[in-house]
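Because the structure is predicted, anything quoted here is derived from the model rather than measured.
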Amino acid sequence: MSEDDKAPATGQGVRMELPTWDHSRSKRRGGDVGPTEDAFVTGVKEAGRTAKARSGLVIGGVIAALAVLVGIIVIFNSRQTASATATRQLATAARYESEAEVGDPALLLGANKGKPVAPIVKDEAERTAAVNKALDELEASAAGTDAAQVGALVRASGLLRAGDPAGAEALYREFLGKAGAGHPLLYAAREGLAFAREAQNDLDGALAELETLAGQKGAFYRDMALWQKGRILERQGKTEAALEVYRQYIAEYPLQQPSIAQNEVRKRLEELDPQALAGQPAPESPIQMMDAPGAPTP
C-alpha cells in the first residue's frame with residue numbers, strides 16, 4: 001500500500017470531479033449527446049490528467065474542488081444560468097480552493113513579472129479567507145441561485161481541506177437534498193460525501209456512498225468509484241475483496257484504454273497480484289510512464 005493510501009483519516013479526506021453522473025460511456029463518446037455534454041467530458045478528462053500529475057488522485061478535497069471548477073466553467077459559462085457577477089464570484093472561490101499556490105510570492109513568481117497563472121497565497125489561512133470572501137459575496141448577491149448551490153460544494157471542499165469533515169458532510173448532504181436528479185454535479189457531491197465519511201473513519205459509510213456513485217456497469221465515473229472502493233477495502237484489511245474490485249476494474253476498463261484511475265489500479269495489482277496484469281499492455285502515455293515502475297522521480 002502506498003504512503004498516501006496508508007494516511008490516517010483526516011480532514012483532508014481522500015480523493016475527490018462533468019456530465020450528469022450517470023451518463024454512460026457510450027453516450028460520452030458521441031451519439032445523441034449535445035455540445036454541453038461533450039464539453040463536460042473534455043473538462044473531466046483534463047481535470048483527471050491534471051489531478052494525476054499533481055497528486056495521484058488520492059486526496060479528495062483538492063480534486064473535488066478541481067472537478068467543481070470544471071463544472072463551473074461549463075455550466076455557468078456555456079449555459080449562462082447565472083449572472084456574470086455570480087459566475088465570477090463562484091469561479092474565484094473555486095480557483096483559490098483548487099489552484100492556489102502557497103508560498104512566498106517573490107519566490108513562486110521568480111523572474112516572471114507577468115500575471116501568475118494560478119492565485120498565490122502566503123499560507124492556508126489566506127487561501128481560506130479568499131475562498132470564504134468570494135463565497136460570502138456570492139451568498140449575499142445571489143442567494144438561492146444555482147451558482148450559490150454549487151458554491152456550497154466549493155465550501156465543503158475547503159472544510160475537508162481544513163480538517164472539518166463533519167461540516168463538509170453536512171454541506172454535501174444539503175446539496176444532495178436540494179439538487180435535482182439531473183444536476184451535473186451530483187457525482188461531485190456524492191464523492192465528496194464519501195470522502196467526508198472516510199475522513200471520520202466511517203469506512204462502511206464511505207463504501208456505501210461509492211456503491212451509489214458507481215451505479216450500473218458503464219455508468220459515468222464508475223471507474224473512479226471502483227478504484228476508491230478497492231482502496232478503502234484495503235484500508236479495512238480486506239485485501240481479497242479489494243483485489244476482486246481491482247480485477248473487476250481492468251475487466252471493465254482494459255488498461256490499453258483511457259480511464260481515470262488506471263495507473264492507481266495497475267500499481268496496486270503490480271504489488272498484490274501481478275498475474276492479473278498478464279496480457280495488459282505497458283503504459284504508453286507520458287503520465288503513465290511517469291507512474292511506471294522504475295520511472296525517474298521528478
[X] [atom1] to [Y] [atom2] distance, which is reported to the nearest 0.5 Å:
X    : Y    : atom1 : atom2 : value
E97  : T128 : CD    : OG1   : 7.0 Å
Q236 : R231 : CD    : CZ    : 11.0 Å
Q149 : T145 : CD    : OG1   : 8.5 Å
W227 : E264 : CH2   : CD    : 5.5 Å
L90  : E137 : CG    : CD    : 12.5 Å
E209 : R197 : CD    : CZ    : 5.0 Å

Are the side chain of [X] and the backbone N or O of [Y] linked by a donor-acceptor pair below 3.5 Å?
X    : Y    : result
E271 : K267 : no
Y249 : A261 : yes
S98  : A94  : yes
E124 : A162 : no

(request) Give the intermediate values and the outcome of side-chain contact (heavy atoms from CB on, under 4.5 Å) for residues D223 and E252. (result) CA-CA 8 Å; D223 45 355; E252 293 186 28; over 6 Å; no
(message) Go through it in stages, so that I can follow the logic: the residues are R235 and N201, the test is side-chain contact (heavy atoms from CB on, under 4.5 Å), and I'd like the CA-CA distance, side-chain angles, deciding distance and then a yes or no.
(response) CA-CA 10 Å; R235 284 197 61 193; N201 225 23; 3.7 Å; yes
(message) Taking the side chain as everything from C-beta on, heavy atoms only, tell me whether L226 gets closer than 4.5 Å to Q248.
(response)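 A side-chain contact under 4.5 Å exists here.
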(message) Between L269 and L243, is there a side-chain heavy-atom distance shorter than 4.5 Å?
(response) yes
Distance-minimising heavy-atom pair for [X] and [Y]:
X    : Y    : result
A199 : P165 : CB-CB, 3.6 Å
R222 : G218 : CD-N, 3.8 Å
V102 : K122 : CG1-O, 3.7 Å

(message) Can you tell me which residue among L171, T212, L193 is in a side-chain contact (heavy atoms from CB on, under 4.5 Å) with L176?
(response)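 Per the side-chain contact (heavy atoms from CB on, under 4.5 Å) rule, the option paired with L176 is L193, out of L171, T212, L193.
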(request) Give a yes or no on whether a salt bridge exists between E234 and K238, defined as a side-chain N under 4.0 angstrom from a carboxylate O. (result)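 Looking at E234 and K238, the cut-off is not met.
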(message) Test of understanding: with salt bridge (Lys or Arg N to Asp or Glu O under 4.0 Å), list the residues that count as partners of D136, not counting sequence neighbours.
(response)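 If we apply the salt bridge (Lys or Arg N to Asp or Glu O under 4.0 Å) test to D136, skipping adjacent residues, the hits are R155.
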(message) Once salt bridge (Lys or Arg N to Asp or Glu O under 4.0 Å) is applied, do any residues pair with E126, and if so which ones, sequence neighbours excluded?
(response)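 Result, salt bridge (Lys or Arg N to Asp or Glu O under 4.0 Å) vs E126: none returned.
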(message) Run Q262 and Q257 through side-chain contact (heavy atoms from CB on, under 4.5 Å) and show every step you take.
(response) CA-CA 9 Å; Q262 61 180 228; Q257 301 173 6; 5.8 Å; no
(request) Any chance you could lay out the side-chain contact (heavy atoms from CB on, under 4.5 Å) test for L277 and R266, step after step, and finish with the verdict? (result) CA-CA 8 Å; L277 295 173; R266 179 192 290 276; 4.2 Å; yes
